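All values below were derived from every heavy atom in this structure, side-chain atoms included, with hydrogens, water molecules and symmetry-related copies excluded. In this text the structure is predicted, and so the values were computed from the model without any measurement.
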Amino acid sequence: MSSPSAVLEVRGLGIDFPVRGGEVVGAVKDLSFSVRAGAALGIVGQSGSGKSATALALLGLHRGTPARVSGQVWVDGVDVVAASDAEVRALRASRIAMVFQDPLTALDPFHTIGDQIAEVYRVHTKASRAEARARAIEVLEQVRIADAARRYRAHPHEFSGGMRQRALIAMALACRPKVLVADEPTTALDVTVQAQILDLLDEVRAETGMALVLISHDLGVVAGTADEVVVMHEGVAVERGTAEKVLLDPQDPYTQGLLAAMPRLDSPLPERDAAASEPETLVRIEDVTKHYRRGGALSGRRTEPVPAVDGVSLELRAGETLGVVGESGSGKTTLARMLVRLLEPSAGRVVFAGTDISALGERRLRPLRRDLQMVFQDPLSSLNPRRSVGEIIADPLRIAGESSDAQIRAAVRELMTKVGLDPKSYDRFPHEFSGGMRQRVGIARALAPRPRLLVCDEPVASLDVSTQAVILELLRDVQREYGLTVVFVAHDLAVVRQIADRVAVMRFGRIVELADSGTLFSAPQHEYTRTLLDAVPVVDPVAAREKRERRRSAAAIA
């Protein structure tokens, strides 16, 4: 039996996955922990550490898969590993529920948010439609969604990323579970929305008395929420203890390495190479605007222009790194795509190396394409799954048609070595690589034509902190070697601080602050910049809780 004081207890959990050739890979090995009612446990580690496999095992979600689960997982007195399928189905939602990482894929696009929440409640409680609808509205209000009765009828695409995550939390709370498992619930969110979601989870835990298991690759995310922390590496818990003990006095080298890799606002600024003379202006943006249309003929509504970028002007100096930061919807990605002419401005000019590329036709633009390259946020969706990574990197060289096949393959192997890929993996495919390795492929492809401008759109947003640090160092190295001008788009100011010479802060399509890194981080002038900085996670649990209390006080006053 489980401990009477624990609502969740894991004993000797093992999870193995069979692979080709009859081998077995151990994803989780002899893991044990317990969580009391009302308490919060943080489980942290890199991709592949076993933390998400553990999360699935807590709800018995490995059933029906080739995974082999051993040990015991006690949830409110029931062993999930030994229980029947019917018993496990009864446990889910009513005693233990889960919030997944990507709300857009976890929600059904064809049904309204409210109906999906109500359906979960009806299935597990046999409530009437009216009762289920009332409960759905109640939990939408509980997760701070304004005008919940009206938003009940909204579909997932009508919600922002943060609102969709709130809706998923509402769905998980519908049946009043005793344990809530949140698996990377803030990974794809900007820092201010991330802070709001973490604050919400903390408030709901305090109001309901449920236990919380918060899983993340970011130690800063768990710092202000978790009472205790388990650090996992290659399926093993290498360190555990109170949040203060693990995060402020780590004993295991792996934990120390995770903390060292985490971008922080209080770390020394990286040294910048001193410029011998005033660098030339490579790109000049003059009053650039980009409008999109809302509504349209198919919707039967009158169209109206919505500005994504609204009158932006700035200059990019040759050889510098400009960070562009802001929340989702601030216009930073739209601006980035106009810089490399993946989008055409609605108005204004983008002048690259003396040529106005704003309205160039494709034939006249083609010779400049090799100088304008982009690294995308999600390398898996931007890489052709049917082509080997070597051929993906070779594509820009083949399009240029200036080299023989042997020369191209030699150049690609050299590039692969430069970005930390094994040249022997030339013929492997993107799905065979980790997220960090796929991002290296994307960088190598962008570097292949020897560009002058490299635009990186959230290139480390979905990577764990140690992989993130490696990619940032790689970008710094190739910039110095190639003399690149880099635009680095991100929502996290702590990440931008590690790489940018100057920083532009965007909000509602406009630049609200532009300054060199030293000035912006030491003396931000705009209130919005200060809000972004205050939302950056910190690893000191005491400081993290103090920041949370300040946010709550400010919200109460507002």
Handout entry: Heavy-atom side-chain contact between Val44 and Met232 under 4.5 Å
Key = no

Exercise for the section: Determine whether Val236 and Val28 make a side-chain contact, defined as any pair of heavy atoms from C-beta on separated by less than 4.5 Å. Expected result: no

Practice task
Give a yes or no answer on whether the side chain of Arg428 reaches the backbone of Ser388 with a donor-acceptor pair at less than 3.5 Å.
Solution key: no

Practice task
Would you check if the side chain of Arg370 reaches a backbone N or O of Pro451 as a donor-acceptor pair within less than 3.5 Å?
Solution key: no

Practice task
Apply side chain to side chain contact (heavy atoms under 4.5 Å, CB included) to Leu453 and Asp371, showing your working.
Solution key: CA-CA 6 Å; Leu453 175 65; Asp371 286 329; over 6 Å; no

Problem - Under 3.5 Å donor-acceptor, Arg445 side chain and Leu383 backbone - result: no

Problem - Ionic contact status for Asp405 with Arg398, cut-off 4.0 Å - result: yes

Exercise for the section: Answer with yes or no whether the side chains of Asp422 and Ser425 bring together a donor and an acceptor at under 3.5 Å. Expected result: no

Exercise for the section: Start with the C-alpha distance between Glu481 and Lys418, add both sets of side-chain angles, then the distance that settles salt bridge (Lys or Arg N to Asp or Glu O under 4.0 Å), and finish with yes or no. Expected result: CA-CA 10 Å; Glu481 181 173 348; Lys418 193 176 298 294; 2.8 Å; yes

Practice task
Pick out which of Leu475, Ile471, Val460, Val486 makes a side-chain contact (heavy atoms from CB on, under 4.5 Å) with Ile499.
Solution key: Leu475

Practice task
For residues Val350 and Val283, determine if any side-chain heavy atom of one lies less than 4.5 Å from a side-chain heavy atom of the other.
Solution key: yes

Exercise for the section: Would you mind reporting whether Thr225 and Val222 have side-chain heavy atoms less than 4.5 Å apart? Expected result: no

Fill in the blank from the handout: The reported gap from CG in Asp534 to CG in Leu493 (rounded to nearest 0.5 angstrom) is 11.5 Å

Completion exercise
Sorted by chain and number, sequence neighbours left out, ring-ring contact (aromatic ring centres under 6.0 Å, His included) with His217 holds for none

Exercise for the section: Indicate whether any N or O donor in one side chain lies under 3.5 Å from an N or O acceptor in the other, for Ser216 and Asp218. Expected result: no

Practice task
Hey, could you give me the CE/CZ distance between Met416 and Arg440, rounded to the nearest 0.5 Å?
Solution key: 11.5 Å

Exercise for the section: Establish, yes or no, whether the cationic atom of Lys290 lies under 6.0 Å from the six-membered ring centre of Tyr292 and within 45° of the ring axis. Expected result: yes

Problem - Polar side-chain atom of Thr355 near backbone of Val351 as donor-acceptor pair, under 3.5 Å - result: no

Handout entry: Non-hydrogen side-chain atoms of Phe376 and Cys456 separated by less than 4.5 Å
Key = no

Practice task
Return yes when atom CZ of Arg409 has more than 12 non-hydrogen atoms of other residues, nucleotides or ligands closer than 6.0 Å, and no otherwise.
Solution key: yes

Problem - Arg452 side chain vs Ala318 backbone, donor-acceptor pair below 3.5 Å - result: no

Exercise for the section: Determine the minimum heavy-atom distance between Ala57 and Val80, stating which atoms define it. Expected result: O-CG1, 3.9 Å

Exercise for the section: Answer yes when Glu432 and Arg438 have at least one side-chain N-carboxylate O distance shorter than 4.0 Å, and no when they do not. Expected result: no

Problem - Under-4.0 Å salt bridge between Lys245 and Glu228 - result: no

Problem - Pairwise side-chain contact, Asp16 with Val25, heavy-atom cut-off 4.5 Å (strictly under) - result: no

Completion exercise
Exactly one candidate in Gln479, Arg502, Arg476 meets side chain to side chain donor-acceptor pair (under 3.5 Å) with Thr321; the answer is Gln479

Practice task
Evaluate the criterion salt bridge (Lys or Arg N to Asp or Glu O under 4.0 Å) for residue pair Glu391 and Arg386; output intermediate values, then yes/no.
Solution key: CA-CA 10 Å; Glu391 287 303 300; Arg386 297 184 178 183; over 6 Å; no

Handout entry: Gap between atom CZ of Arg264 and atom CG of Asp540 - 0.5 Å precision
Key = 8.5 Å

Problem - Set of ring-ring contact (aromatic ring centres under 6.0 Å, His included) partners for Phe33, sequence neighbours left out - result: none

Exercise for the section: Mind listing the closest non-hydrogen atom pair of Pro263 and Gln468 along with its distance? Expected result: CG-OE1, 3.2 Å

Problem - Where Ile408 and Ala394 come nearest, the two heavy atoms and their spacing - result: CG2-CB, 3.6 Å

Completion exercise
To the nearest 0.5 Å, atom OG of Ser52 lies from atom CD1 of Ile43 at 9.5 Å

Problem - Check against side chain to side chain contact (heavy atoms under 4.5 Å, CB included), Phe159 and Gln165 - result: CA-CA 9 Å; Phe159 275 22; Gln165 198 60 283; over 6 Å; no

Practice task
Using the side chain to side chain contact (heavy atoms under 4.5 Å, CB included) rule, take Val465 and Leu219 through it: C-alpha gap first, then chi angles, then the decisive distance, then the call.
Solution key: CA-CA 9 Å; Val465 289; Leu219 289 163; over 6 Å; no

Fill in the blank from the handout: Phe17 meets the ring-ring contact (aromatic ring centres under 6.0 Å, His included) criterion, sequence neighbours left out, with His62

Problem - Nearest heavy atoms of Val496 and Ala490, plus distance in Å - result: CG2-CB, 3.7 Å

Practice task
Using modelled atom types only, decide if a donor and an acceptor are shared between the side chain of Arg497 and the backbone of Ser517 within a distance under 3.5 Å.
Solution key: no

Problem - salt_bridge(Arg387, Asp395) N-O dist < 4.0 Å - result: yes

Exercise for the section: Would you check, one step at a time, whether the test side chain to side chain contact (heavy atoms under 4.5 Å, CB included) holds for Leu372 with Phe352? Expected result: CA-CA 9 Å; Leu372 307 168; Phe352 172 78; 3.6 Å; yes

Exercise for the section: State, with a plain yes or no, whether a side-chain heavy atom of Leu41 is found less than 4.5 Å away from one of Leu214. Expected result: no

Problem - Heavy-atom donor-acceptor pair, Arg240 side chain to Ser32 backbone, under 3.5 Å - result: yes

Exercise for the section: Please confirm whether the backbone N or O of Asp249 pairs with a side-chain atom of Gln251, one donor and one acceptor, at under 3.5 Å? Expected result: yes

Problem - Test item: Met338 and Val309 side chains (from C-beta on) under 4.5 Å apart, heavy atoms - result: yes

Handout entry: Distance, nearest 0.5 Å, that separates CD1 of Ile443 from CD of Gln373
Key = 13.0 Å

Handout entry: Modelled atom types, side-chain donor and acceptor of Gln407 and Ser404, under 3.5 Å
Key = yes

Exercise for the section: Indicate yes or no for a side-chain donor-acceptor contact from Asp464 to the backbone of Ser47 under 3.5 Å, with no hydrogens or angles considered. Expected result: yes

Practice task
Check whether any side-chain N or O of Thr65 sits under 3.5 Å from a backbone N or O of Ala67 as a donor-acceptor pair, and report yes or no.
Solution key: yes

Exercise for the section: Count the heavy atoms belonging to other residues, nucleotides or ligands that lie under 6.0 Å from CD of Glu473, then report whether that count exceeds 12. Expected result: yes

Practice task
Would you name the heavy atoms of Ala182 and Leu201 that are closest together and state the gap between them?
Solution key: CB-CD1, 4.4 Å

Exercise for the section: Report the distance from atom CD of Glu315 to atom CD of Glu320, rounding to the nearest 0.5 Å. Expected result: 10.0 Å

Handout entry: Donor-acceptor pair between His491 and Glu458 side chains, under 3.5 angstrom
Key = yes

Handout entry: Closest contact, heavy atoms only, Ala55 versus Val181
Key = CB-CG1, 3.9 Å

Handout entry: Under 3.5 Å side-chain donor-acceptor pair for Asp252 and Thr255
Key = no

Handout entry: Sidechain N-carboxylate O distance under 4.0 Å for Lys332, Glu327
Key = no

